[in-house]
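This structure is a prediction, so every number in the text was calculated from the model and none was measured. We use all heavy atoms of the structure for the numbers below, so side chains are in, but hydrogens, waters and symmetry mates are not. Quick note on labels: first sequence line is chain A, next is B, and so on, each numbered from 1.
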Amino acid sequence: MRPAALRRLVVLAVVALGPLAWADDDVDPSRAAFGSLEARDVRGGSAAALLLKSVSVQVQRAGDVAETRVEHVFENPTSVQLEGTFRFPLPSEAILTGLAMEIDGQLVAGDLVEREQARQIYQQIVERMRDPAILEWDGGQTFQLRVFPIEPESDKRIVVRYLVPLAHEAGVWSYVYPTAGLRAALPRFTLEADGRTLVDAHDYRPQDDVVVKVAPQDVGVAFRETRAEGTYTAVRLQPDWSRIAVQAPRRERPQSLLLLVDVSRSMLESRRLTRDAVQALLAGLGSSDRFAVLTVDLDVRGQTTGFVPATTAAVKDAVARLDAVEPDGASDLGAGLRRAAAWAETEQASGTRDVQVIYLGDGTPTWGDTDAASLRTLATAGFTAAPLYALALGRNPNSKLLAELTRSTGGRALVPRATQDVRRFAKWLHLAPRLPRLREARVGNPGEGHTVFPREPQALYEGDEIVALVHTPAGQLPPESLVIEGETPAGHVSQTVTIAAPAETPHVAARWAVAEIERLEAAGAAKEEVVAVSRRFGVLSRYTAFLVLEAEERRRRFEAEPGEGDPTISGRDLESLADASLSADRIQPGDPEVRITAPADARAVTVMFPWGATKIARYEPALRAWTVRFLIDKTTPDGRYPVLVRVVHADARVEIVRIFYTVDTQAPTVDLTLLPAPGRRGVFELRATQIVSSAEAVAHGETRATIVPDVRRVEAQMPDGTIVILGLRQHGELRGTWTPRRAPTGPFSVRAVVVDRALNRSVFSVTLDPQNRAVAAR
Amino acid sequence: VSAAAFVLLLAAGADAHVSPRDAHTCLVAPGGVVVAGLAGGVMVAENGGPVFATALDGLPGTRVEALALATDAPGEAVFWVGTEAGLARLRWRAGRLDVERVIRGPNVRALASKGGALLVATWDAGLQRLEPHAERLVPVAVHRAPLTSLAVRGDTVYAGSAGAGLLRLEGDVLTPVDVALPSPFVWALAVDADRLLVGTMEGLASLTADGAHVLVSADVRALSVGPQGVLIGTFADGLLGLARDARTPARVAGAPDFVAGVAEGDGAACAAGPDGVMLRPRGATRLRAFQWAGPPSADISSLALMGSRLVVGTFDRGVAFFESGRWSPLDAEALDPRVNALAADGRRLWIATARGLAFVDEAGSVRRWTQAEGLPADEVHALCVLRDGSVVAGTASGAVVVREGVLRPLDGVRTPVDQAVWAIVEQDDRTLWLGTSRGLLARSPGGRWRRLSVSSGHLEDDWVTALAVRDQTLWVGTYSGGVTRIALATPRGRARALGGGNVNPGGLALVGGTLYAATMDGLRARSTASGSWSILRSAMLGLDVTAALPAADGLWVASRRGLAFWRPPGVERQ
């Protein structure tokens, strides 16, 4: 059952708000959240992009974040086996939480594995021509997945799952799926929330992003997730500005804007975006304002003679000079910041102007100071009076570094999706010097044992919120309030903010874990510590990778690594000719098994089933796993069911994992076609194509567009008594040949038996006509 | 109270054999009478052997999850029993246990009295109420989460839920109580003076006017408040005692690691758990296991006869023997406890398990084969002892013959059978019939194979789960297509669908002129000659019947809710 709040989200959904994309000729295709799969022949040859046949997006909101599942289907139209590289542009601030790839018709989830180990395993398996995939983080929001093999004339399904914060601006909450900028039409695109389809399009050519509005009351303020090791609280905090003493509102002063524009090689593709942003910022200046433009690559150059009045001619001249600069070379961000700080200080010296510095670029230093800590020190020391702001642009901006640099000066960083965002930012910049502000704002720790993020102080302007993430160890009560502290012109401020009725919400722990990983990395913690947190909370880090292995390989690998891996529910594949197992997505009747790869010395492993029974798992040394067998009762309706696994480790640490299985009792249906076998006189070909009903798709949490057909066997009893067994060609497509003893002269009746993977069966009679290409009823 | 010998409760022509394991809850009635709710029924013990009640005695369901005292009149105990299919009120007086009232309904998980009415927390139908003389339950409040526990403090009714935390009844709505709990999975509630104790999957919280604080970190399943303090039943951390003046709990000696129910009263105490019932009689200081002879589990998967010995295989608790009124377990460490099928030839026993095939010789020695030793798959589903003494084992990936202790392919060279084999019988002429997930396969003594299936017009379902053969007639039980009778003497094997529901693996038995089918909807009986199916309700402890085995004077009936011995007649018309 999905939360009621999500159903309300769907009701309130409004798709495709006004134009949010950059100007038509400045659309950044890298921002559209569609993956690409570039593949090459394993025997050599050049790489080519495979056809993206369909993308289906499923969104499930959880408080002020949404989990997004994006399923891509690529087609390899060639007759050769390929190895590919899948790239997916993760939206800004998104947290990657899952990866799955189709292997032998089943979606197989990736395991988080230490990165080097994952690479070794991947390579070993590729050499044995099996089916692995490995997804690694390449910094910023870029993720790359290596896939092998991509079979000839077949499809490849790849699913990524991520958490993304809802957009929040001027009191309006919305979920945004970036689609603007897609270059070629997408044959099929669907987007749904809670099973309700919001977009279902063929030949999709988006002009805008998909935007789903969410009512503020459905978002909530405080969220909590309870796990064995404690509770995790996420709360959006806002100081009571009415109780914060601020300086008397100043009269509006002229503005001086310094633009530090990154023109290094990495900005080449985003050249026009940068130009649009510069124009949008300068267009907001008045006649009494001044501006300056510095460009930075290996060198720092003034594109204006210091600060100049913001006349139309001066702006036009500056933009023209910027246009003449060909982005090239490395980026010496440190040198750029030093020069900008010096110019700003000189301009500030007059004491009559509000000076602001804005960096436009990808925040990826490749020359000079490249270390984040050095740059942070530089920014903090250099921008004492004029805050540093940043617009994160480029294919793969390091928005995290830019956020750190700007935060330390009292400024902020923005990842704009459209020129409209830049214009709004320009307006806000104009107001910012006169807004009430809490400098070095931070959240106090509610007590011993709690871990609170964020830890770095930041500037809060009126209307801003801090999202606090708190871990409370098991046995302690979570905080009922938090303290916000900061500095104002009137002195130190400390306010207690009550956490009102947190809603039990998934993914809070994962959000906390991302902050914890950042803390560990910043503190220079051992790789093992980072890997442990990454794996425990299922979020990727620079030291881990998602590795997808086919079932047997996975089992074998985890046997070599006891205590690791996720619990699974599996059943025997009764239709298989090999000793194969079924995954939990369509379990067959019988006695499936829960398998938990917990350590042998765990004190206890208990499994709670959806009908209220708890079973105690037993350790099987041969499997190096804990197992429990259970019964799916005949009366169980179709659906997806949760199972809760509780592991008490030898050190008394408790781990709880929720896994699911799906019950499928829908009888399969097919269309049956008879036609002469090409080039074989007197031989007919029978073709069966599965028809998946909406009800069956919904029962599996899928749509008709996304569900993988699962018919396994079709048998047809022909008029001469022959039973033709149709073989599986691809998902939902079966073929068989019939050589009649005597050529049929007219329509005849055929009795067909259809069996799916869950052993559901349908039997029907149809009339086929060999004279006409006959399509039979189901 | 001392452990007693095996006790049978005679009812409706059937005897229930109640397993001493898998106790879910217990209570202590005045006079130290202990009542326990089990997977296989309800048990009462007072100064002697236990007495049981099951579905055969009129309980709406055999699996008992909740108990509550109805009255505490001296010399008797009247209590409510909550089962997976409704409620019953039972009276214990002078060593006799009677079912007084039966209210069929939802899956009951907790009971509490309030103002003369009985409040009923259910897993699937919210909170309900039973007025003193009412015939049916009345819904009070629904909630999306299953309810697990109840407590009444003054006028306030609290309900624990699996996943939605602590709820409070406000009018006809169950409202979440805004309090930080260690987990939203609340298993147990208890009122202790001015505090409400909330047992959750991750700890025990104490709620007072000053707020909540955590007393214990554990998977707390049961609570009992007594004059000395609180007894806390946990999963994995045993039974804990929290004395009135103590801040930390102490583990109660002698109790098992897993405790699902606990109660104190009148100087006695009891605990319930997967290992069974424990009692502390009045005057005693320690809890001791209260055992009686019975099958190792209420979840029976298969039956066989070894001469006069009944062999009982369970879903996940191994094998036991029953002979001359005595139960004894098969002690074999190497044996996987998940038993799928049994076969015996009088002196020797074959056991099909989820992890291989086992053989027990006359001396009791156990030999085991798995995939590593040559089985086609570890999961063994079916067994058949052939006339020549060899055994055919059907696995998840084909069948194999065990002859003179050696595994051999089915036809010496190769076999066309490589999918799951669920049923095996041998015809008088030594034709071997294999029930598979792709239909029925026959192998003639000459080694010729043929297949009968839905496509060939013989079956209603290709998943063949059970077979029975006599002379020239074959009965084929299937997962979803009932039973088909095939006349083997006819040229093509004339088939007739007989209906009969979902037949469980190994679920067909011929007794005289009657065919019995163990199905997921009960035990069905039908004349082999003609007629319609009847359901033998008086033989069933639960709907999901897994095996029927003829014995000298009756029929052993196994189900997912226990074992019964049924004596004909008494067949009820459907």
note = For B:Ser437 and A:Leu759, the nearest pair of non-hydrogen atoms, with its separation, is CB-CD1, 4.3 Å

inquiry  = Please rank B:Met520, B:Arg338, B:Arg560, B:Met201 by heavy-atom pairs under 4.5 Å with chain A and give me the top one.
reply    = B:Arg338

query = Considering only heavy atoms from C-beta outward, does the side chain of A:Leu631 approach that of B:Asp544 to under 4.5 Å?
reply = yes

query = Below 4.5 Å, heavy atoms only, C-beta onward: do B:Glu202 and A:Ile656 meet side chain to side chain?
reply = yes

ask   = So which of A:Leu644, A:Val648, A:Thr231 has the largest heavy-atom pair count under 4.5 angstrom toward chain B?
value = A:Leu644

query = Can a cation-pi geometry be assigned to A:Arg629 and B:Phe315, taking NZ or CZ under 6.0 Å from the six-membered ring centre and within 45° of the ring axis?
reply = yes

remark   = Heavy atoms of B:Asp336 and A:Glu620 approach each other most closely as OD1-OE1, 4.4 Å

query = Do A:Glu715 and B:Arg438 have side-chain heavy atoms sitting under 4.5 Å apart?
reply = no

Under 4.5 Å from any heavy atom of chain A - which part of B:Asp257 = neither

request  = Could you tell me the separation between the CZ atom of B:Arg451 and the CD1 atom of A:Ile723, rounded to the nearest 0.5 Å?
outcome  = 6.5 Å

ask   = Do you know which two heavy atoms are closest between A:Met608 and B:Trp187, and how far apart they sit?
value = SD-CZ2, 3.5 Å

remark   = Counting heavy-atom pairs under 4.5 Å with chain A, the top scorer among B:Pro337, B:Ser453, B:Ala354 is B:Pro337

Minimum heavy-atom distance between A:Arg646 and B:Phe235, given as atom pair plus value = NH1-O, 3.9 Å

request  = Select, from B:Asp124, B:Asp316, B:Asp461, B:Asp178, the one with the greatest count of heavy-atom pairs under 4.5 Å involving chain A.
outcome  = B:Asp461

Residue part contacting chain B, namely of A:Glu480, when any heavy atom lies under 4.5 Å = neither

message = Please classify the contact between B:Thr395 and chain A as side chain, backbone, both or neither, with a heavy-atom cut-off of under 4.5 Å.
response = neither

note = If you tally heavy-atom pairs under 4.5 Å between each of B:Leu181, B:Asn502, B:Val179 and chain A, the highest tally belongs to B:Asn502

ask   = Among B:Ala212, B:Ala372, B:Pro182, B:Ser217, which residue forms the greatest number of heavy-atom pairs with chain A at distances under 4.5 Å?
value = B:Ala212

Most contacts with chain A, counted as non-hydrogen pairs under 4.5 angstrom, among B:Leu204, B:Asn340, B:Val216 = B:Asn340

query = Salt bridge or not for A:Arg713 and B:Asp462, using N-O below 4.0 Å?
reply = yes

key: Region of B:Ala162 that comes under 4.5 Å of a non-hydrogen atom in chain A   = neither

ask   = Does A:Lys615 reach the side chain of B:Pro274, with side-chain heavy atoms less than 4.5 Å apart?
value = no

task = Mind running side-chain contact (heavy atoms from CB on, under 4.5 Å) on A:Thr627 and B:Arg355 for me, showing each step along the way?
result = CA-CA 12 Å; A:Thr627 61; B:Arg355 298 284 187 269; 4.0 Å; yes

message = Side chains of B:Glu460 and A:Val763, heavy atoms from C-beta outward: is any pair under 4.5 Å?
response = no

inquiry  = I'd like to know which of A:Val753, A:Thr472, A:Asn760 tops the heavy-atom pair count under 4.5 Å against chain B.
reply    = A:Val753

ask   = Under a 4.5 Å heavy-atom cut-off, does chain A meet the side chain of B:Ala145, its backbone, both or neither?
value = neither

query = At a heavy-atom separation under 4.5 Å, does A:Glu504 approach chain B through its side chain, its backbone, both, or neither?
reply = side chain

message = With side-chain contact (heavy atoms from CB on, under 4.5 Å) as the criterion, how do A:Trp611 and B:Asn107 come out once you've worked through the C-alpha distance, each side chain's angles and the decisive distance to 0.1 Å?
response = CA-CA 9 Å; A:Trp611 59 90; B:Asn107 185 345; 5.7 Å; no

query = For B:Ser455, is it the side chain, the backbone, both, or neither that has a heavy atom closer than 4.5 Å to a heavy atom of chain A?
reply = both

Full working for side-chain contact (heavy atoms from CB on, under 4.5 Å) between B:Phe258 and A:Thr606 = CA-CA 10 Å; B:Phe258 296 89; A:Thr606 49; 3.7 Å; yes

Distance-minimising heavy-atom pair for A:Arg761 and B:Ser480 = NH2-OG, 3.1 Å

